[in-house]
Amino acid sequence: MLQDCFDDLYTAVYALIDDAKTAYRVEKLYKGSHGSPNPHEIVTDFGSWFFDRRRGLLGYACEKSRPAATRHTLDDLAEFDRAHEPRVSTVEAFRLLAENQRQDGERHDDYLNYVADREHQLGAYRGGSSGFDDEARAFACAHFRQLGIPSDLDDVMTFSGGAKGVFLACCAAIMCHRRFEELHHSGGVILAPSGYYQSLRLLPPVFGGTIHVENELTGKTVADWLTDMARTPGRLIYVPLVNNLDGRVLSRDRAHDIAAAIVDHNLEHPDNPAYVVGDDVYVGSYLHDGIDALPIGAVPDLAPWCISVVTPSKTFTLPTGRVAFATTRNPAIRKALAHYRTVFSHGRVPQSNELISAAAICLTPPSWVNRWNDWNREQLHYFASEINTLNTTLGRATYHLDLPEGGWYLPIRIDRSLFGDRVQSSVDALAVLLYYGGDDRQTGVAMLPGELFGRDSDDGWYTLRANMAVDTGTIVRTVQRLHDAAFAMRGSRREKIIDYALNRARRVVPDLDQTMANRRY
């Protein structure tokens with residue numbers, strides 16, 4: 001029989017939130033969106049220009065420098081870089097492209113004019129790529145190199161489906177073996193830190209794999225895990241630059257320690273190496289000055305076993321692009337990723353998405369990113385101040401915050417004793433926060449429970465993740481609702497409120513208790 005109901009934790013959590021939104025005007029702190037409603041204006045300007053002219057990034061940069069010119073020179077790109085201060089130099093992107101694609105004996109200016117003037121035919125079918133994808137890949141390659149990640153133009157691949165599309169291909173590449181028309185699922189395991197990208201939990205089971213979770217990835221925890229799993233095939237280590245739950249940033253020292261453990265293990269076990277995927281989608285989103293962040297892919301010795309991923313969806317505020325750029329120096333990995341990119345149709349990237357995504361990552365000025373980092377920091381500190389005031393009003397530390405180093409998410413820990421014995425998990429605590437208002441529509445706070453990120457509740461606290469990239473009014477209303485929920489839990493109606501919340505949650509997700517009991521990671 002075809003399965004008509006899915007009761008995994010990811011599906012269950014979003015079912016509860018979707019149900020609450022039908023009955024309440026919940027404060028939505030569960031989404032991953034950036035605080036800016038749009039990417040930088042140069043990105044939208046390029047998008048408009050592309051649909052009008054059907055030409056690429058280098059043509060755009062040249063025309064912005066000299067709109068009336070009939071012939072372009074490298075000085076036009078240098079002028080664009082001087083005037084607009086993009087994160088990635090257009091001169092450097094062109095240099096990488098020309099080194100790889102320019103014909104023998106062809107002058108740089110001649111090749112620049114060819115690339116800048118060529119038009120994308122939006123109605124043409126071009127097989128596995130968008131056509132002229134070399135230009136977008138050159139910009140992405142320059143981005144990776146700027147981070148210290150070894151990359152050449154032919155190392156870079158473009159995926160539709162965002163980072164999830166790359167992760168899906170990675171799982172398939174290491175957990176499957178194809179022989180002619182037969183596809184064998186060999187299974188495998190991903191090592192991830194508590195606080196991993198929540199959608200990741202959906203992918204390994206597709207190929208018979210699973211996830212192992214460590215509270216923190218360090219050189220020691222990775223080395224110990226590799227020793228324990230030395231005979232296990234299909235091992236992938238997921239290393240985020242910024243933790244999706246608590247905002248901890250991967251430091252240079254920790255990146256080198258993790259990489260050293262992997263390199264040492266792989267050199268000792270060349271027939272069964274462990275691979276690494278570096279999730280760098282929050283690159284540049286740092287909340288403190290002087291953070292010495294380092295993507296795992298920038299540790300040079302790790303290059304033979306590493307895949308690095310960037311998207312425009314977070315730091316650069318283009319989630320609708322649904323495009324990821326991945327790079328790896330390993331030809332076998334690259335060939336496997338290319339195969340599964342074709343299988344899942346993630347190579348069918350529209351020219352507009354591909355080029356606008358590259359524009360978001362590369363043309364956005366660092367000053368714009370820094371301004372939003374400052375804004376995020378102010379919002380987080382304002383919320384923390386309001387929570388401190390709320391705890392004073394409540395007369396106890398009911399809510400506890402650990403300020404992040406990067407991103408814009410905040411783990412909120414809630415005192416377990418507030419709910420009594422019937423609430424058994426952060427998912428139950430979420431249900432109470434969604435439904436505590438009863439018949440009052442102006443209630444409810446939607447966050448994501450820690451279990452969705454592999455973070456179990458500890459002895460004293462439930463953990464939920466909030467997105468603080470929201471306006472001040474949302475923060476004010478959220479604090480007021482956390483106040484109201486806490487007072488409701490301390491009042492005479494607590495058991496009735498909890499009874500209603502838990503019963504409604506189990507009507508929405510009848511197998512919620514079994515889902516939690518059978519949760520694997």
Side-chain angles (χ1 to χ4, degrees), residues 31-34 36-61 86-88 90 93 97 115-116 118-144 151 153 155-170 197 199 279-284 307-327 337-338 340-364 368:
K31 295 184 176 181
S33 300
H34 190 282
S36 174
N38 294 297
H40 187 269
E41 61 185 16
I42 204 164
V43 181
T44 54
D45 184 58
F46 167 72
S48 176
W49 186 88
F50 172 78
F51 278 112
D52 182 51
R53 308 294 180 87
R54 300 192 305 280
R55 288 157 53 201
L57 292 162
L58 294 170
Y60 173 77
R87 283 187 66 257
V88 172
T90 61
L97 183 63
V115 175
R118 65 186 183 181
E119 293 187 355
H120 293 255
Q121 297 176 357
L122 302 184
Y125 177 76
R126 293 189 174 92
S129 82
S130 66
F132 305 145
D133 63 318
D134 51 358
E135 186 177 5
R137 289 190 293 111
F139 273 87
C141 181
H143 160 82
F144 286 123
S151 184
L153 181 65
D155 296 333
V156 178
M157 289 176 286
T158 310
F159 284 75
S160 65
K164 192 185 297 184
V166 181
F167 299 154
L168 186 66
C170 287
Y197 172 50
S199 292
D279 181 353
D280 302 333
V281 302
Y282 290 95
V283 62
I307 308 104
S308 295
V309 183
V310 68
T311 75
S313 61
K314 299 300 182 183
T315 300
F316 311 108
T317 327
L318 192 67
T320 51
R322 305 311 301 156
V323 168
F325 297 99
T327 190
L337 294 181
Y340 288 106
R341 182 180 70 155
T342 298
V343 169
F344 300 127
S345 197
H346 286 151
R348 306 284 198 247
V349 187
Q351 298 98 315
S352 56
N353 287 16
E354 178 180 83
L355 289 164
I356 294 171
S357 294
I361 294 168
C362 298
L363 300 189
T364 299
W368 186 88

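If you read the sequence from its start, that first residue is 1, and numbering goes on from there.
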Undergrad: If I compare all heavy atoms of I361 with all of R87, which pair ends up nearest, and what's the gap?
TA: O-NH1, 2.5 Å
Undergrad: Is there a side-chain contact between T327 and V156 in this structure, where contact means two heavy atoms from C-beta onward sitting under 4.5 Å apart?
TA: yes
Undergrad: Give, for atom CG of L363 and atom CZ of F46, the distance between the pair rounded to the nearest 0.5 Å.
TA: 8.0 Å
Undergrad: Is any side-chain heavy atom of L58 closer than 4.5 Å to one of L97?
TA: yes
Undergrad: Run the side-chain contact (heavy atoms from CB on, under 4.5 Å) test on L318 and T320 for me, step by step, so that the C-alpha distance in whole Å, both residues' side-chain angles and the decisive distance to 0.1 Å come before the verdict.
TA: CA-CA 5 Å; L318 192 67; T320 51; 4.1 Å; yes
Undergrad: Okay, side chain of K314, backbone of G32: is any donor-acceptor separation there less than 3.5 Å?
TA: yes
Undergrad: How long is the span from the OG1 atom in T342 to the CZ atom in R348, to the nearest 0.5 Å?
TA: 7.0 Å
Undergrad: Does R55 have any salt bridge (charged side-chain N to carboxylate O under 4.0 Å, His left out) partners at least two apart in sequence or in another chain, and if so, which?
TA: E63, D117
Undergrad: Do C170 and I307 come within less than 4.5 Å of each other through their side chains, counting heavy atoms only?
TA: yes
Undergrad: Would a 4.5 Å heavy-atom cut-off, applied to side chains only, mark F144 and V310 as touching?
TA: yes
Undergrad: Less than 4.5 Å apart, side chain to side chain, heavy atoms only: is that true for D45 and E41?
TA: no
Undergrad: Could you state the interatomic distance from NE2 (H34) to CZ (F316), rounded to the nearest 0.5 Å?
TA: 9.0 Å
Undergrad: Kindly give the heavy-atom pair with the smallest separation between R137 and L153, and that separation in Å.
TA: NH1-O, 2.8 Å
Undergrad: If you compare all heavy atoms of S345 against all heavy atoms of S160, which two are closest, and at what distance to 0.1 Å?
TA: O-OG, 3.6 Å
Undergrad: With the side chain counted from C-beta on, respond yes when L57 and T90 share a heavy-atom pair under 4.5 Å apart, and no when they do not.
TA: no
Undergrad: Kindly compute the distance separating CZ (F159) from CZ (F167), expressed to the nearest 0.5 Å.
TA: 11.0 Å
Undergrad: Could you report the tightest heavy-atom contact between P39 and W368, atom names first, then the distance?
TA: C-CZ2, 4.1 Å
Undergrad: Counting distance only, does the side-chain N/O of R341 pair as donor-acceptor with the main-chain N or O of G165 below 3.5 Å?
TA: no
Undergrad: Could I get the full list of side-chain contact (heavy atoms from CB on, under 4.5 Å) partners for S352, not counting sequence neighbours?
TA: F50, F51, P350, I356
Undergrad: Please name all residues satisfying side-chain contact (heavy atoms from CB on, under 4.5 Å) with C362, sequence neighbours left out, ordered by chain then number.
TA: V88, F139, H143
Undergrad: Write down the atom of A326, the atom of V166, and the distance for their closest heavy-atom approach.
TA: CB-CG1, 4.0 Å
Undergrad: To the nearest 0.5 angstrom, please state how far the OH atom of Y60 sits from the CG atom of L355.
TA: 13.0 Å
Undergrad: Of all the heavy-atom pairs spanning V43 and A360, show the shortest one and how long it is.
TA: CG2-CA, 3.6 Å
Undergrad: Mark yes or no for whether T315, through its side chain, and V283, through its backbone, hold a donor-acceptor pair below 3.5 Å.
TA: yes
Undergrad: Q351 pairs by side-chain contact (heavy atoms from CB on, under 4.5 Å) with which of H120, E135, R54?
TA: H120
